[in-house]
Amino acid sequence: MTTATTSAGVLELIDPQTLDVATNVRTAAEASLDKEFLDSVSANGVLVPIVATRDESGVHVRYGQRRTLAAQHVALASVPVYIVEADDADDAQRIVEQLVENDRARRVRRRIIRTHTRHD
């Protein structure tokens with residue numbers, strides 16, 4: 001495991017099979033892993049770090065559910081994980097941040113689809 005520390009958290013390379021995909025606001029349909037996404041993760045790895053918390057029971061994914069599931073599916077040896085602190089009031093903030101991240105990712109995917117549609 002490789003570790004880099006910052007003032008806000010720690011970046012580690014972790015085996016994705018050991019990550020717990022904690023409660024997420026994303027629906028099962030939104031979390032689906034299409035072939036194109038799996039092929040990309042298989043070929044390029046996880047490029048954007050997964051954000052997670054750690055407690056005595058393990059490392060729990062906070063953002064990056066699809067990246068984690070894809071990395072587990074294609075059996076990557078390690079993924080970048082940014083470990084942050086969690087507190088008792090953390091659930092509400094986690095939900096808000098997951099909604100923002102999911103909305104941003106949805107807009108990027110739509111933009112990519114529109115670009116590919118225009119060029120096909």
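Values below: all heavy atoms of this structure, side chains included; hydrogens, waters and symmetry mates excluded.
- Of all heavy-atom pairs between V46 and V41, the closest is CG2-CG1, 4.3 Å.
- In this structure, the side chain of R54 does not engage the main chain of I83 through any donor-acceptor pair within 3.5 Å.
- With sequence neighbours excluded, the residues that form a side-chain hydrogen bond (donor to acceptor under 3.5 Å, both in side chains) with D39 are K35.
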> So V51 and V84, side chain to side chain contact (heavy atoms under 4.5 Å, CB included) or not? Walk me through it.
Replying inline: CA-CA 7 Å; V51 177; V84 297; 4.0 Å; yes
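- The shortest side-chain heavy-atom distance between V48 and R67 falls under the 4.5 Å cut-off.
- V81 approaches A52 most closely through the heavy-atom pair CG1-CB, 3.7 Å.
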Under 3.5 Å donor-acceptor pairs involving side-chain atoms of residues 71-80, not counting sequence neighbours:
from : atom 1 : to  : atom 2 : distance (Å)
Q72  : NE2    : P16 : O      : 2.8
Q72  : NE2    : L19 : O      : 3.3

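- The backbone N or O of G64 lies less than 3.5 Å from a partner atom in the side chain of T68, making a donor-acceptor pair.
- Here the side chain of D55 pairs a donor or acceptor atom with the backbone of G58 at under 3.5 angstrom.
- In this structure a side-chain-to-backbone donor-acceptor pair under 3.5 Å is present from Y82 to G9.
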